[in-house]
There are 2 protein chains.
Amino acid sequence: MERLLTHFQRYIPLIEDEKRLLEPRVRARKIKRRQMILQEGFVCKHYTFVVEGCFKMYGVDDKGYEHNIQFAAEGDWIADIGSFHSQKPSRLFIEAIEPSEIIQIEQQDLYFLYINIPKLDRIFKVIIENKFVELQNRVLQAFSSTAEQRYLSFLEQYPHLTNRLPNTQIASYLGITPEFLSKIRKNLSRK
Amino acid sequence: MERLLTHFQRYIPLIEDEKRLLEPRVRARKIKRRQMILQEGFVCKHYTFVVEGCFKMYGVDDKGYEHNIQFAAEGDWIADIGSFHSQKPSRLFIEAIEPSEIIQIEQQDLYFLYINIPKLDRIFKVIIENKFVELQNRVLQAFSSTAEQRYLSFLEQYPHLTNRLPNTQIASYLGITPEFLSKIRKNLSRK
DNA sequence: CCCAACCCTTAAACTACATTAAGGGTATTT
DNA sequence: AAATACCCTTAATGTAGTTTAAGGGTTGGG
């Protein structure tokens, strides 16, 4: 809970009254490795804040292959925003890669908080703007770089993740097969 | 100007006082075909609302090829959000594909408006959430579908654009060459 | 009205990446 | 401690999409 307040603090400090409104409307949970907090076909019920651990969000294609859309580690938010707001079934999965601790807010509670703590509109606007920029770079890179360039960018941009994630997960994020990532790594190590 | 108010109205109505604050801080402009409102190396100075016409936003790779990240037609917002907020040079271009009419807000004015019309935090939070969801689908599709499937999705999702855009621009958006799009179209027409 | 710039298509040769298969290593679970 | 599931790599073969080149059609600016 402290961690969430500290997180908001970095955007705009909350006053005591606001903290009191917030507290009863969030819920802390522990999640096991490989446990899913969202599955395809279900509505995304929560905005999830990662206190400790790491998650992946992915879709599954016709052939059953997983494609990682994003990772979320300490201090990140994760949710299928489309499903959350529309209350329609999601086509995505969110799964813990490590044993994790999270804080969750349900839709009704978040809407209540948006009304009673207008600051939160501002805070989440900025949070989502930042995520949007990240995602936009990802699209540009996907279409304008080779897999090797994308791998190198990944290493630069997410150094804290590269040692925590198996290469299969990184390959899925880069949009390539683990076999091809292996080839890229071999190539790079020869240079 | 009316068009912008109508646009905001669809999220939350503005009261008269708020409209009065808004009006002197936005600027209407006409833009010619092929005119750029953002160029690589320059800071993105404005949030741009498209009243009439159509724009593309793209990056240029090492080899000089353009890669379209998004289109913006009537009722859409377009800006390099990262550059706009950080005031760092953009790596993107925004260019009119058709003669267009736009309404622009400068950074300082938008910040003033955010402070004096808190509703706008809410409105732009929702606008960006929607754009985020769109972009997320794009990432998922890019990694999990063939070019043909992506082309068919594009036709479904943006029927109003397919007749307005040259195929070269659509190909660039799909992440393929015009030659290959031509092949896909030929294939589809035989079915 | 003409010239230049853009646009669409076809086809042959090429390349980045996928698929399949297989072997050995290392964690997790029982 | 064994068994199982997971992970990394190598290599041969296959394919979606690129590159290069070329011809013809359309648009728009001077």
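Note that these values count all heavy atoms, side chains included, but never hydrogens, waters or copies made by symmetry. In this text, all values refer to a predicted model and were calculated from it rather than measured experimentally. In what follows, chains carry the letters A, B, and so on, assigned in the order in which the sequence lines appear, proteins first and then strands, with residues in each chain numbered from 1.
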K.L.:
Report yes or no: is the cationic atom of B/Arg185 (NZ for Lys, CZ for Arg) closer than 6.0 Å to the six-membered ring centre of B/Tyr151, at no more than 45° off its axis?
P.N.:
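No, B/Arg185 does not sit over the ring of B/Tyr151.
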
K.L.:
Between A/Phe143 and B/Asn68, is the side chain to side chain contact (heavy atoms under 4.5 Å, CB included) condition met? List the steps.
P.N.:
CA-CA 9 Å; A/Phe143 289 139; B/Asn68 288 344; over 6 Å; no

K.L.:
Taking heavy atoms of chain B and a 4.0 Å limit, find me the 5'-most and 3'-most nucleotide of DNA chain C within that range.
P.N.:
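Range of nucleotides within reach of chain B: C/dC6 to C/dA11.
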
K.L.:
For the pair made of CD in B/Gln149 and C1' in D/dG17, what is the distance, rounded to whole Å?
P.N.:
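Nearest whole value for this atom pair: 15 Å.
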
K.L.:
Is the phosphate of D/dA11 approached by A/Lys186 (side-chain N or O, under 4.0 Å from OP1 or OP2)?
P.N.:
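For A/Lys186, the contact criterion (side-chain N or O under 4.0 Å from OP1 or OP2 of D/dA11) is met.
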
K.L.:
Could you walk me through whether B/Ser144 and A/Asp61 pass the side-chain hydrogen bond (donor to acceptor under 3.5 Å, both in side chains) check?
P.N.:
CA-CA 6 Å; B/Ser144 66; A/Asp61 67 21; 5.8 Å; no

K.L.:
Tell me if the CD atom of A/Gln149 is crowded by more than 12 foreign heavy atoms within 6.0 Å.
P.N.:
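Count over threshold, so yes.
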
K.L.:
Of B/Arg150 and B/Arg33, whose closest DNA chain D nucleotide lies nearer the 5' terminus?
P.N.:
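Between the two, 5'-proximity favours B/Arg150.
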
K.L.:
Can you label the angle between the B/Phe84 ring and the B/Tyr111 ring as parallel, tilted or perpendicular, going by 30° and 60°?
P.N.:
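Taking B/Tyr111 first and then B/Phe84, their aromatic rings stand perpendicular (interplane angle over 60°).
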
K.L.:
Side chains of residues 34-59 of chain B: which donor-acceptor partners sit under 3.5 Å, not counting sequence neighbours?
P.N.:
unit_1: B/Gln35; atom_1: OE1; unit_2: B/Lys32; atom_2: N; d: 2.9
unit_1: B/Tyr47; atom_1: OH; unit_2: A/Glu129; atom_2: OE2; d: 3.4
unit_1: B/Thr48; atom_1: OG1; unit_2: B/Gln104; atom_2: NE2; d: 2.9
unit_1: B/Lys56; atom_1: NZ; unit_2: B/Glu66; atom_2: OE1; d: 3.3
unit_1: B/Lys56; atom_1: NZ; unit_2: B/Gln169; atom_2: OE1; d: 3.2
unit_1: B/Tyr58; atom_1: OH; unit_2: B/Glu95; atom_2: OE1; d: 2.7

K.L.:
Between D/dT10 atom C1' and A/Arg190 atom CZ, what is the distance in whole Å?
P.N.:
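Taking CZ of A/Arg190 and C1' of D/dT10, I get 12 Å after rounding.
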
K.L.:
Does NZ or CZ of B/Arg138 fall inside the cone over B/Phe154's six-membered ring, less than 6.0 Å from its centre and within 45° of the axis?
P.N.:
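No, B/Arg138 does not sit over the ring of B/Phe154.
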
K.L.:
Cation-pi check for A/Tyr11 against A/Lys125: NZ or CZ below 6.0 Å from the six-membered ring centre and within 45 degrees of the axis, yes or no?
P.N.:
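Judged by the rule, A/Lys125 and A/Tyr11 form no cation-pi pair.
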
K.L.:
Would you mind reading off the distance between A/Arg185 atom CZ and D/dT10 atom P, rounded to a whole angstrom?
P.N.:
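A/Arg185 atom CZ is separated from D/dT10 atom P by 10 Å.
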
K.L.:
Go through residues 163-184 of chain A and report each residue with a non-hydrogen atom lying under 4.0 Å from DNA chain C, sorted by number.
P.N.:
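The stretch gives A/Gly175, A/Ile176, A/Thr177, A/Glu179, A/Phe180 as the residues lying under 4.0 Å from the strand, ordered by number.
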
K.L.:
Rounded to the Å, how far apart are B/Glu98 CD and D/dT27 P?
P.N.:
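Spelled out: CD on B/Glu98 to P on D/dT27 is 15 Å.
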
K.L.:
Between D/dA11, D/dC7, D/dG17, spot the one nearest the side chain of B/Ala147, thanks.
P.N.:
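The closest nucleotide is D/dG17.
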
